[in-house]
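Counting begins at 1 with the first residue of the sequence. Hydrogens, waters and symmetry mates are skipped; everything else that's a heavy atom, side chains included, is used.
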Amino acid sequence: MVYLDGELCLQLRHADGVPGQVRGLLERLDADMDAGIDLGGTLVPAPNHQQRAHFVLHQMLAALAAGNTDFAHFLLTYLSLRWPELRSVQAISTDDSWTVSLETG
């Protein structure tokens, strides 16, 4: 579940599974990140699992802020499959960024 400023914005149900086409896109996202990612202005040429999750989380929040809920839902699917302990994301908007707390379990 993803909460923005205290309101539930996104939620996944794993009982439905993930279609093969979406799994292919998730693999493509991983392959794209193999070439490197930008984390806070720093190029990370070979991101590890945690760095990838941080990058995707940031991209998901940016997509939600831009009103692109379909893309944000796709990115949440990535997070849920690659970081199964993640239970919820709670983000509070500030002037130019987010304060984020994560619930795992």
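For the atom pair L86 CG and L81 CG, the distance stands at 11.5 Å (nearest 0.5 Å). One distance of note links CE of M1 with OG of S80; it measures 12.5 Å at 0.5 Å rounding. Here L57 contributes atom CG and W98 contributes atom CH2; the two are 10.5 Å apart, rounded to the nearest 0.5 Å.
The shortest side-chain heavy-atom distance between L8 and V2 does not fall under the 4.5 Å cut-off. Between L4 and L10 the shortest side-chain heavy-atom distance does not fall below 4.5 Å. Looking at heavy atoms from C-beta onward, Q90 lies out of side-chain contact with T99 at the 4.5 angstrom threshold.
L79 and A53 get closest at one heavy-atom pair: CD2-O, 3.7 Å. Residues F74 and L26 come closest through the heavy atom pair CE1-CD2, 3.5 Å.
By the criterion of side-chain heavy atoms lying less than 4.5 angstrom apart, applied directly or through intervening Ile, Leu, Val, Met, Phe, Trp or Tyr residues, I92 is not grouped with L76; the two fall into different hydrophobic clusters. Residues V100 and M60 share a single hydrophobic cluster, defined by chaining ILVMFWY side chains whose heavy atoms lie under 4.5 Å apart. Grouping the Ile, Leu, Val, Met, Phe, Trp and Tyr side chains by contacts below 4.5 angstrom, directly or via other members, places L29 with V44.
Panel note: side chain Q51, backbone N48; a donor-acceptor pair is recorded below 3.5 Å. Remark: the backbone N or O of E103 is not paired with any side-chain donor or acceptor of R87 at under 3.5 angstrom.
Residues satisfying the side-chain hydrogen bond (donor to acceptor under 3.5 Å, both in side chains) test with D5, not counting sequence neighbours, are S93.
Applying the side chain to side chain donor-acceptor pair (under 3.5 Å) test to pairs two or more places apart or on separate chains, none has a residue in residues 54-67.
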Table please: side-chain donor-acceptor pairs of residues 30-42 below 3.5 Å, with sequence neighbours left out.
| from | atom 1 | to | atom 2 | distance (Å) |
| --- | --- | --- | --- | --- |
| D30 | OD1 | R52 | NH1 | 3.2 |
| D30 | OD1 | Y78 | OH | 2.6 |
| D30 | OD2 | R82 | NE | 2.8 |
| D30 | OD2 | R82 | NH2 | 2.8 |
| D34 | OD1 | R52 | NH1 | 3.4 |
| D34 | OD1 | R52 | NH2 | 2.4 |
| D38 | OD1 | G41 | N | 2.7 |

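When the shell of 6.0 Å around CD of E85 is examined, it contains more than 12 heavy atoms from other residues, nucleotides or ligands.
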